[in-house]
Amino acid sequence: MTITESSTGTATAITVRKVTGRIGAEISGVDLSRELDPGTVAALRTAVNEHKALVFRDVHLDDAGQERFARSFGELTTAHPTVPAQEGAPNVLPVDSEQGRANHWHTDVTFVLNPPQLSTLRSIVIPPYGGETLIANSAAAYRDLPAPLRAFADTLWAVHTNDYDYAVPQEGLDEEARERRSVFTSITYETVHPVVRVHPLTGERGLFIGGFAQRIVGLSAAESRDVLRLLQSYVTRPENVLRWRWEPDQLVLFDNRITQHYAVDNYDDQPRRLNRVTVAGDVPVGPDGSKSHSVKGDASHYTPLP
Ligand SMILES: [Fe+2]
């Protein structure tokens, strides 16, 4: 599909090529090293609304260039609520295999009241094999639910926190990993979000859960685990997942309101490094129009409230 936008007088031809039926598109015809005109930004917004994850090749950006690109979609967050930024680049979070491996399904920073609306990842160091990023379309997952489960999910709310019962227990960690975890949880956040989030731009409903969702309001820990596991199994269906094999100089933009992602830990001890810049988001809204609320933790140093 080629979109021609000429709202600014300058015609921009963007080519959008689907990678899979349900998620992902490769974009060409956009020069990310320049300030984007409003028509191009609008065309990319339309594409991300539809495809959830956009891939750009041969981008040749530095940190400032990635920040400028991300900023064309809205105000940026700082790097992270608790993890330090890349030196000299307060909006850039280094996602480095030496600092841990994000091989768990999650949506970025959902433990705060208004998690980022968009995440950008740029390849810096790519292992010779493996290291793919999986990105799942949680709206497709919601549509896959049988009608009674969909109706049930519509009524649920979940507590998201950064301080949870991790897959690897504290005593199984080496000293460095323990230190990283204590930095990650140096401020405890807890936020209650709808399990089904209505996308503010498209009205589409998606499952809004992922690794930080730890408990369903009104259910016991054991019941919560079972319900979350059941819903999550629809998110991670292979049909709903893009498996992106990184190459140098690539940038992936994904809609953090309606996707989950996972960094596959299949590259042995090879280094892997991506730089992440995120665009500040809105407060999630559930199917009945109610909004998320914060229980614990001030994130005002991380993200502006809309
Ligand atoms: Fe992430």
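Note that the coordinates shown come from a computational prediction; the quantities given were computed from them, not determined experimentally.
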Hey, what's the ring geometry for Trp105 with Tyr262, parallel, tilted or perpendicular (30° and 60° as the breaks)? tilted
For Gly131 against Trp246, the heavy-atom pair lying closest together: O-CD1, 3.4 Å
Using side-chain heavy atoms (C-beta onward) and a distance below 4.5 Å, is Ser290 in contact with Val285? no
With a 3.5 Å cut-off and no angle check, do the side chains of Gln260 and Gln232 form a donor-acceptor pair? yes
Please list, chain by chain and in numerical order, all residues satisfying salt bridge (charged side-chain N to carboxylate O under 4.0 Å, His left out) with Asp282, sequence neighbours excluded. Arg197, Arg257
Does this structure show an ion pair linking Arg237 with Asp144, if we count only N-O contacts that are shorter than 4.0 Å? yes
Residues in salt bridge (charged side-chain N to carboxylate O under 4.0 Å, His left out) with Arg68, at least two apart? none
Residues Arg245 and Glu132 bridged, charged N to O under 4.0 Å: no
If hydrophobic residues (ILVMFWY) are linked whenever their side-chain heavy atoms come closer than 4.5 Å, directly or via other members, who joins Leu305 in its cluster? Leu113, Val283
Do Asp96 and Arg272 have side-chain heavy atoms sitting under 4.5 Å apart? no
Once you round to the nearest 0.5 Å, how far does CD1 of Ile14 lie from CG of Leu44? 4.5 Å
Please report the C-alpha distance between Trp244 and Val19 in whole Å, then the side-chain angles of each, then the deciding distance to 0.1 Å, and finally whether the side-chain contact (heavy atoms from CB on, under 4.5 Å) criterion is met. CA-CA 9 Å; Trp244 190 254; Val19 183; 4.3 Å; yes
Value for CG (Asp298) from CD1 (Ile187), rounded to nearest 0.5 Å, stands at 7.5 Å
Answer with yes or no whether the side chains of Asp31 and Ser33 bring together a donor and an acceptor at under 3.5 Å. yes
Do the rings of His80 and Tyr302 sit parallel, tilted or perpendicular, given the 30° and 60° boundaries? tilted
Gap between atom CD1 of Ile126 and atom CG of Leu274 - 0.5 Å precision: 5.5 Å
Atom CZ of Arg276 and atom OG of Ser119: how far apart are they, to the nearest 0.5 Å? 5.5 Å
For Glu67, what residues pass the salt bridge (charged side-chain N to carboxylate O under 4.0 Å, His left out) criterion, not counting sequence neighbours? none
With heavy-atom distances below 4.5 Å as the criterion, would you say the side chains of Glu190 and His160 are in contact? no
Just do the ring pair (Phe, Tyr, Trp, His ring centres under 6.0 Å) check on Phe212 and Tyr189 with the steps written out, would you? CA-CA 10 Å; Phe212 301 118; Tyr189 291 97; over 10 Å; no
Check side chain to side chain donor-acceptor pair (under 3.5 Å) between Asp265 and all other residues, then give those that pass, not counting sequence neighbours. Arg101
Going by chain and number, the hydrophobic cluster around Ile258 (ILVMFWY, side chain to side chain under 4.5 Å) further includes none
Does a donor on one side chain sit under 3.5 Å from an acceptor on the other, for His60 and Asp58? no
What I'd like to find out is whether the side chain of Leu134 reaches to under 4.5 Å of the side chain of Val264, using heavy atoms alone. yes
Check whether any side-chain N or O of His51 sits under 3.5 Å from a backbone N or O of Ala53 as a donor-acceptor pair, and report yes or no. no
Do Ile23 and Val241 have side chains that get closer than 4.5 Å, going by heavy atoms? no
Applying salt bridge (charged side-chain N to carboxylate O under 4.0 Å, His left out) to Arg71 and not counting sequence neighbours gives none
Residues which pass side chain to side chain donor-acceptor pair (under 3.5 Å) with Ser28, listed by chain and number, not counting sequence neighbours: none
Between Asn240 and Arg22: side-chain donor-acceptor atoms closer than 3.5 Å: yes
Which heavy atom in Ala70 sits nearest to a heavy atom in Thr120, and how many Å separate them? CB-CG2, 4.1 Å
So that I can tick it off, tell me whether Arg143 and Glu204 are bridged by a salt bridge, with the cut-off set at under 4.0 angstrom between side-chain N and carboxylate O. yes
Ile135 versus Thr259: any side-chain heavy-atom pair under 4.5 Å? yes
Heavy atoms of Gln270 and Ser97 approach each other most closely as O-OG, 3.9 Å
Would you check if Val30 and Thr40 make a side-chain contact, meaning some heavy-atom pair closer than 4.5 Å? yes
Each residue besides Val195 in its hydrophobic cluster should be listed here, by chain and number; the cluster joins Ile, Leu, Val, Met, Phe, Trp and Tyr at side-chain heavy-atom distances under 4.5 Å. Tyr142, Leu145, Leu149, Phe152, Leu156, Val196, Leu207, Ile209, Ile216, Leu219, Val227, Leu228, Leu230, Leu231, Tyr234, Val235
Please determine whether a side-chain nitrogen of the Lys or Arg among Asp249 and Arg122 lies less than 4.0 Å from a carboxylate oxygen of the Asp or Glu. no
Quick one: sort the Phe184 and Phe111 rings into parallel, tilted or perpendicular, breaks at 30° and 60°. perpendicular
Which distance, rounded to the nearest 0.5 Å, do you find between the CG of Asp255 and the OG of Ser138? 8.5 Å
Could you see if Phe56 belongs to whatever hydrophobic cluster contains Val92? Use Ile, Leu, Val, Met, Phe, Trp, Tyr and a side-chain cutoff under 4.5 Å. yes
If you compare all heavy atoms of Ala158 against all heavy atoms of Ala213, which two are closest, and at what distance to 0.1 Å? CB-CB, 4.3 Å
By side chain to side chain donor-acceptor pair (under 3.5 Å), Thr77 pairs with (sequence neighbours left out) Thr278
Which is it for Arg180 and Val183 under the side-chain contact (heavy atoms from CB on, under 4.5 Å) test, yes or no, and what are the steps along the way? CA-CA 5 Å; Arg180 278 197 301 274; Val183 169; 5.7 Å; no
If every non-hydrogen atom of Pro94 is compared with every non-hydrogen atom of Ala85, which pair is closest and at what distance? CD-C, 4.1 Å
Would a hydrophobic clustering, with Ile, Leu, Val, Met, Phe, Trp and Tyr connected at side-chain separations under 4.5 Å, put Ile124 with Val277? no
Any chance you could pull the hydrophobic cluster mates of Val217, using side-chain heavy atoms under 4.5 angstrom and chaining through other members? Trp157, Val159, Val192, Val295
Counting only N and O atoms by type, is there a donor-acceptor contact under 3.5 Å from the side chain of Thr303 to the main-chain atoms of Ala299? no
Between Glu247 and Arg57, is the closest basic N to carboxylate O distance under 4.0 Å? yes
What's the shortest heavy-atom distance between Val109 and Pro81, and which atoms? CG1-CG, 3.7 Å
Measuring from Glu98:CD to Arg273:CZ, what's the distance to the nearest 0.5 Å? 9.5 Å
Ring pair (Phe, Tyr, Trp, His ring centres under 6.0 Å) partners of residues 114-136, not counting sequence neighbours, each pair once: none
Is it the case that the side chains of Asn256 and His261 hold a donor-acceptor pair, with the cut-off being a distance below 3.5 Å and no angle test? no
Taking Leu201's backbone N and O only, do any of them form a donor-acceptor pair with Asn49's side chain (distance below 3.5 Å, no angle check)? no
Candidate pair Gln86 and Asp63, rule side-chain hydrogen bond (donor to acceptor under 3.5 Å, both in side chains), full reasoning: CA-CA 9 Å; Gln86 161 102 334; Asp63 289 337; 3.1 Å; yes
Any non-hydrogen side-chain atom of His293 less than 4.5 Å from a side-chain atom of Thr191? no
Under a 4.0 Å threshold between the charged nitrogen and the carboxylate oxygen, would Glu223 count as salt-bridged to Arg215? no
